[in-house]
Amino acid sequence: MADEHYHVLEFEKPVYELKKKIEELKHSAREKNLNVDAEVKALEDKVTSLRSEIYKNLDPWQIVQIMRHQKRPKTLDYISMIFTDFTEMHGDRSFGDDKAVIGGMAKLNDIPVMLVGIQKGKDTKENIMRNFGCGLPEGYRKALRLMKFAEKFHMPVITFIDTNGAFPGLEGEERGVAEAIARNLLEMSHLKVPIIVNVIGEGGSGGALGIGVGDRVLMFKYATYSVISFEGCASILWKDAAKASEAAKILKPTAKDLLQLNVIDEIIEEPMEGAHVDPETAAANLKKALVAHLSILLETPLEELLEKRYKKFRSMGVYTDEAQSAI
Amino acid sequence: MAWFHRPKYTIIRRPAEKSETKIPEGMWVKCEKCDSILLKQELDDNLNVCPKCNFHGRITAKRRVELTADEGTFQAMFENIRPVDFLKFPQYPEKLASSEKKTGLTESVLTGRAKINGMQVALAVTDFFFMGGSLGSVMGERITSLIELAINENLPVIIISASGGGARMHEGVMSLMQMAKISAGLARLSDKKLPYISVLTDPTGGGVTASFAMLGDLNIAEPEALIMFAGPRVIEGTIKQKLPAGFQRSEFLQEHGMIDTIVNRKDMKNTLFNLLSNIRSPKQYAGR
């Protein structure tokens with residue numbers, strides 16, 4: 001933790017300070033040959049309780065900070081930790097190959113599956129190559145091509161969402177990013193194989209939903225999913241992007257919120273301080289959930305599967321209906 | 001003032017301020033595009049289309065229904081479905097109330113059965129003047145219910161969009177999910193081989209474009225309508241340069257393969273009828 005490369009989040013600073021103090025104490029004790037075991041033990045207990053106190057009561061904006069942690073595992077990290085024999089499949093067969101939206105075949109234990117995900121970069125260089133995880137139309141069309149491939153060969157589809165949205169630019173508009181996303185929503189709603197959607201980091205609006213329709217939607221504890229960026233929402237509401245933390249509280253974008261609203265089916269646990277601290281544990285948790293859900297979905301007759309998927313999205317929405325409540 | 005104290009910019013008058021012509025209240029209006037001064041009545045009679053330059057001004061959903069459905073045939077349905085401020089979003093109840101007052105609508109979409117030249121259809125029209133025609137739970141539920149009605153009654157579906165706002169942020173991710181919900185409905189409609197025509201009018205954007213507006217068996221636009229995924233200002237912010245003229249207008253979209261055809265407002269009703277007649281003869285539909 002005292003690793004200087006470690007990016008300390010604002011709200012973690014009290015813990016970080018305390019840990020630094022322990023190190024200093026140990027260091028000076030060693031020099032002066034004193035026994036400070038009792039003091040160290042007391043301070044370490046304090047670290048533990050302080051830490052669990054902080055992480056028990058995270059507000060949405062603190063969760064956003066963990067979600068945006070630069071070391072947070074990305075789609076390809078989970079693919080390599082959970083699956084075997086991944087072969088990336090490139091291109092949409094009509095325009096090009098988007099590096100932000102990736103996919104290919106792999107095995108989950110012994111089951112062949114089709115993986116589709118949005119890949120953010122791990123550093124600036126990769127981020128430029130990946131367009132910061134902002135998909136172009138050809139990316140969404142590649143995703144659809146792979147899903148149709150999966151349907152043809154009876155392979156379940158597993159998708160990974162981590163994007164702040166589809167790329168808002170000239171070329172995206174010219175090549176019809178809206179149509180590409182819309183088409184995916186329609187096709188995914190009746191694709192004849194099981195689909196499991198995983199929100200692993202940032203679930204940004206239409207660009208996320210474009211690979212987000214499925215039989216199950218799983219979400220990591222510290223992932224977020226929102227109709228608009230928190231900064232964008234704050235600019236509209238208060239003409240001040242700096243109030244993003246307020247917007248995050250209003251928009252209810254956390255896994256806990258979305259489970260309550262029935263937008264997601266299950267929260268995948270992360271290590272207390274976030275998946276970046278211990279990616280293997282996060283990946284193991286996700287794998288366990290994927291295996292469990294997939295075994296149920298693979299047992300479900302196709303007609304029932306599609307009916308349930310339809311009903312799942314059909315039932316989303318909060319409104320009043322006087323005619324119904326009168327009955 | 002000494003020259004070095006002068007401001008380093010030139011004051012350019014906005015086009016709106018340039019004309020000092022006093023327009024008598026309510027009688028005359030100016031075309032947004034060509035600045036022609038027009039009699040309000042004349043513009044109204046011409047369906048809010050400028051007789052000089054063919055600029056298609058925005059119209060309300062109610063007016064759109066009048067122009068599309070045979071007189072007295074539109075039956076508004078699902079009107080009991082009403083919005084809820086479940087996120088306690090700032091200003092949402094006030095915005096809903098003022099929109100209701102302004103438009104006389106209960107939400108941003110009208111849905112129901114209608115007849116077009118005697119042909120029964122399921123019709124939805126979104127209203128830009130109701131919170132930008134934005135997509136929230138109510139629009140999602142009303143349109144999906146309409147699509148299911150069309151499936152049950154063997155009707156073609158027409159959705160006319162005027163939704164600049166896209167998905168409504170006041171209902172958070174629930175608005176986003178309406179895109180999936182309506183698209184799933186359209187998938188079922190398509191599986192039943194029932195036609196869906198999407199009519200895109202000024203403006204259609206964001207989550208509406210990225211769901212039902214782009215999913216028509218036929219996508220038809222009015223001339224020069226702004227049709228987009230991301231708004232021009234957002235894109236200018238991304239690419240840090242001015243966008244080309246005509247960018248994201250109907251003609252641009254047709255040029256780029258997203259729109260089947262562009263139809264003038266006065267011809268829209270007959271075009272819809274003719275196209276649907278080609279897909280299937282009217283008598284093949286169950287509705288009379």
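In the text below, chain A, chain B and the rest are named by the order of the sequence lines, each starting its count at 1.
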Under a 4.5 Å heavy-atom cut-off, does chain A meet the side chain of [X], its backbone, both or neither?
| X | value |
| --- | --- |
| B:E148 | side chain |
| B:S145 | both |
| B:M258 | side chain |

For residues [X] and [Y], report the shortest heavy-atom separation together with the two atoms involved.
| X | Y | value |
| --- | --- | --- |
| A:F313 | B:K181 | O-CD, 3.4 Å |
| B:M169 | A:C233 | SD-SG, 3.9 Å |
| B:L176 | A:L209 | O-CD2, 3.2 Å |
| B:S137 | A:G317 | OG-CA, 3.5 Å |

Worksheet item: Heavy-atom distance under 4.5 Å to chain B: side chain of A:R309, backbone, both or neither?
Response: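 Answer is neither: A:R309 stays 4.5 Å or more from chain B.
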Discussion item. Taking side chain as everything from C-beta outward and backbone as N, CA, C, O, which of these in A:S205 sits under 4.5 Å from a heavy atom of chain B? Side chain, backbone, both or neither.
Written reply: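 Contact with chain B is through both the backbone and side chain of A:S205.
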Worksheet item: Out of A:A166, A:G232, A:G172, A:S189, which one racks up the most heavy-atom pairs below 4.5 Å with chain B?
Response: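 Ranked by heavy-atom pairs under 4.5 Å with chain B, first place is A:S189.
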Discussion item. If you count heavy-atom pairs within less than 4.5 Å of chain B, which of A:E187, A:M188, A:K312, A:E179 leads?
Written reply: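 Of the options given, most contacts go to A:E179.
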Worksheet entry | Electrostatic pair B:E171:A:K252 at N-O distance under 4.0 angstrom |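 Salt bridge between B:E171 and A:K252, a charged N being under 4.0 Å from a carboxylate O: no.
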Worksheet item: Pick from A:L258, A:V227, A:V263, A:N262: which one makes a side chain to side chain contact (heavy atoms under 4.5 Å, CB included) with B:M174?
Response: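 Looking at A:L258, A:V227, A:V263, A:N262, the match for B:M174 under the side chain to side chain contact (heavy atoms under 4.5 Å, CB included) is A:V263.
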